[in-house]
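Below you'll find the structure, written out as structure tokens, and then a few comments.
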Amino acid sequence: MSDTHIQAGAGIVDDATFDVLNAIYLHKMSTAQHIAEVVEQSVDDVLATLHREEADTSVCDVGPGWLLETAGTAKVLAFYREKYAGLRADGDIIHWYEKFESTLNQQFIKAVSEWQTSEGDGKAQEKMVRLVDRMIRHLGQVTDRIPRYRFYAERFQRAMAKADRGESQFVCKPTVDSMHNIWFEFHEDILAVVGRPRDV
Amino acid sequence: MSETGDLIVTDFVFDIEDLDPAATSLFGGKATGLARMVRAGIPVPPAFAISTDAYRAFQSSGQKLPDGLAGQLEAAIARLGDKAGRPFGGDGREIDPLLVSVRSGAKISMPGMMDTILNLGHTATSATHAIARGASRAFVVDSFVRFWKMYLEIVHGLDGEEFLEHLQTARAAAEQEGGDLAALEAEIVAFATEQGEVVPVDPRAQLDEAIAAVFQSWNSPRAKAYREHQGIAHDLGTAVTIQCMAFGNAEGDSGSGVAFSRDPNTGEPVLYGEYLQGRQGEDIVAGTRTPVDLARDDQGHAELRDALDHHSKTLESLYKDAVDIEFTLESGRLYLLQVRPAKRTAAAAVRIAADLVNEGLIGPGEALGRVSADQLKRLLRPVFVPEQVEACKAVAVAVGSSPGHATGAAVLDSDRAAERAATGEPVILVRPTTSPLDIRGMLAANGILTARGGALSHAAVVSRALDRPCVVGCENLLVDEEMRSFVLGGKTFSEGDYISIDGATGQVYDCRIELSAPEDASESLENLLHRADTVAQSEVWTSGGGGSSVPGVAVVSLFDVALGERLLDDLIEGVTLIGQGKDANGRKLCETAEAIGKALLARHPDIVPLHVRLPQPGSTRARFLVPNWPELDQRLFLPMGNPVLNKAFLRGLDAACTKADRRLTVLLGGVTDFAEWFAFEEIAGPLATLSTGIVVQNPAGLEVADRIATAGGVVWTDFDEIVNASSGLPQRAYLSDATLVDYVEHGALSVNPRRKLRAFLEPLFGAAIRTEGFVGCLFSSDFEPELLQQLHRIGFRRFSVPASRRPLARLLLGQVPPQG
């Protein structure tokens, strides 16, 4: 294991490495291109991290994308556990999360479902976009504590602009970086941060 | 412009009945739409519009409402109040105040523009009066708070949910008997002030702010980004429409509802919808009153039904489409509040499009644009073979959350599901619940079944997005991931056992049920697609099957027929004997060809043109199948290299045709020269039942296609083969689309040659159809919609596709915009 990418004392990977591994963890299988886009690193940097982690049997290249090995998943989970222990104890983030879960998240899932069952009705889409707009503001309340959450805000902005232009796959298609896809990845992320299991 | 003394004042405000319905730049789409309806005699609530001139004046005067607007606004509001019989702001009198809606309205609608504000005009005083006159307190408080939520969200950018949370206590107090609405209003103002917003409680001031907010929303980042991307001028500006709110809860004969000009489920041309009588808000909340079904004539309200029917016909001729209408009856007076092209199911979309053409409301070209490829796909989605469903047992019924039928091996883990599906086996992913980590398995699976969750669960939402059948919340499903087994409806299954699910009804079956194309594509669909053929001036053949409207069958591979009839060994033997010089007359092959021909004609009993391709001993497939292939006579690998081969084949097929009194067109593959076809035609000439042609399989063949067609030969250009040959790619059987797509996605190729026509090929395809003769384009497995349309634009009018894709091909061809 390469020491330089382990944070001193904590025994966890550094932020940049975590960002790369976490992108795969949330996306299940990712291309270097996708990772670079969502974590705002260059493709070369991402590939360097991936190759280093491959040597450490944390990830493997299966052709159409990169997968996490057991060791890689363990690194991701350890980071969540250790890095955010202080935040969890402090309680603020829990409160923020609970509010997200009970308001924005429920409204958003309902809006997505309405959009789908209305076969892409413009009104339903507007509702979703407005919720995403609110979500971006909501994220702004915690980026001082979890700086990488600004990546989600950026991704939401990009997906929103594309959906506005009529590229409707950016509303909720799971195979592109759609608003819904970003939302789900974020949801998985915040659950891991606050240490809660996922409901259905 | 109007002159007031020396001062020239621009006219900013126009009553709806006075404005020019064609002036969309000045008044936007909403106001001109209303104006058109007023002129057609449709009863809409009184309204006026503020023109985009006011927007421009607003911008140039530093984001302030322009001079002269205030006076015009006052006058227009007073006119609205007169028409509605209610004064704006309540006027301090104890009667219902005039409430208005405020909407943005640009010539082109765009994202990021201000939402509609409803019920502007409410005050604590007028609300208190309403309660005093007997209105339900809960309802009045609810409308009041709703207005404020909308107003604070839209005009002041505050968080509406936070507002509602903050207001809980004050609201509860106001809802108590004798509760004070002024105190509630004060609490609302306090909330806004706390967040740094100054909010007026006077409706007149609120109206000014709402108008300014519409103008400002034109420059919201979302709207700006959209205009820049679409190349829309930034100075186009937006208008504002201000309209009376109608009261479905007024005294007397009042109520509200939704009507459709045609049944949105079936498309049947009958009035459809619901009407809820009386104080609608309260009743909807309490669920105490059942709505009236407008489709039935036994529930009274004949006058209302007649009026709606009449207006919906007028609106259909205005919109040239089926419409849905939101309406309100206010003390016996009918108002149409909102009219839109109606939402409809896929089946209704087809029926309505076909009917509108028959009624002369739209042309066939326009009708075809009204049905989307997705709707057609939904309509033609494969379904369970009905007899097999009867033989199966439904072991559970849960929540059907993404429609469609699916059958497959139950797999309990997403990675294993992906692996198993990669081998070509159909898979149903069975999970206690799904999360984003299951996406790989969900993509690979034919269907998804979960034990927990409802219609809003991850599994349901993602399945709908992926268009995969899905059943969720199956309570009697118990998954044991460790043992790789599950219990369903009391029965234990092992991973790999077949199950079937119906994503619409939520039924889960304990066995495999085959899927097939839905039996009756409706009459309307055939009618519409027939028009598509006419509009596109094209005909779409299939490689077999597809119903009675198929104009012909092409191209059937005789090799495949031999394979299916267990005649392959005979075929190989016949070819090998010729190749080794042991059967100079090709007797063995001739016999085999007759047997193949007989089977072929039995397989395709419909008397339509039938085009077949001769086996090619030089093909990759033959190389794998023929023992000692390298030792064969090499002349066999050229289209006309060994004349014995083709003679034997043609004689055998002729014999089969003669006995069945049928005709065949026999195609020679791999041709690159006119002389090759000519030699082939010379052999077939004396055989009365046969015609000849070629299958073009490479770019060189495209070059000679027109000459052969002009001389009377049939030409099918095999798109896949030409692309593979020109790009040096193996055939699909040896290089799957998925592998190629991955390769392209990794950036190794900038375009997928199977999906997009390379520039150098376009003129070659173009040259091939410069003839009056028969030239068609063959897609033997699938096609990209854009590619098909591109080939039509190049000039192709005859295509052949797999039967299951034929309806889509016909629709897409009908949707190609006419040229020139």
- B:Asp159 versus chain A, the contacting section by heavy-atom distance below 4.5 Å: side chain
- Could you tell me which portion of A:Arg165 (side chain, backbone, both or neither) has an atom closer than 4.5 angstrom to a non-hydrogen atom of chain B? both
- Message: Counting only non-hydrogen atoms closer than 4.5 Å, does A:Leu67 touch chain B with its backbone (N, CA, C, O), its side chain (CB onward), both, or neither?
- Response: side chain
- Message: Tell me whether the rings of A:Trp96 and A:Tyr149 are parallel (<30°), tilted (30 to 60°) or perpendicular (>60°).
- Response: tilted
- Query: In terms of heavy-atom proximity below 4.5 Å to chain B, should A:Lys162 be classed as side chain, backbone, both, or neither?
  - Reply: neither
- Just say parallel, tilted or perpendicular for the rings of A:Tyr80 and A:Phe18, cut-offs at 30° and 60°. perpendicular
- Counting heavy-atom pairs under 4.5 Å to chain B, which of A:Val112, A:Asp133, A:Ile109 comes out on top? A:Ile109
- A:His187 portion near chain B, given a 4.5 angstrom heavy-atom threshold: neither
- Per-residue contact mode, A:Gln33 against chain B (heavy atom under 4.5 angstrom): neither
- Task: Tell me yes or no: between the side chains of B:Arg464 and A:Ser113, is some donor less than 3.5 Å from an acceptor?
- Result: yes
- Ring-ring centroid check A:His27 A:Trp66, cutoff 6.0 Å: no
- Query: Using a cut-off of under 4.5 Å for heavy-atom pairs, which of A:Gln106, A:Met160, A:Gln107, A:His138 has the most such pairs with chain B?
  - Reply: A:Gln107
- Item | B:Asp415 versus chain A, the contacting section by heavy-atom distance below 4.5 Å | side chain
- Message: Nearest 0.5 angstrom please: A:Asn105 CG to A:Glu101 CD, how far?
- Response: 5.0 Å
- Message: Quick check with a 6.0 Å cut-off and a 45 degree axis cone: is B:Arg227 positioned over the face of B:Trp218's six-membered ring?
- Response: yes
- Item | Proximal component of B:Glu228, with respect to chain A [non-hydrogen, under 4.5 Å] | neither
- Max heavy-atom pairs within cutoff under 4.5 Å with chain B, candidates A:Met29, A:Arg134, A:Lys173, goes to A:Arg134
- Structural part of B:Arg431 lying under 4.5 Å from a heavy atom of chain A: neither
- Assess the pair A:Phe108 and A:Phe186: is the distance between their ring centroids shorter than 6.0 Å? no
- Please determine, among B:Glu153, B:Lys343, B:Met442, B:Gln230, the option with the most heavy-atom pairs under 4.5 Å with chain A. B:Lys343
- Query: CD1 of B:Ile439 to CZ of A:Phe184: how many Å apart, nearest 0.5 Å?
  - Reply: 9.5 Å
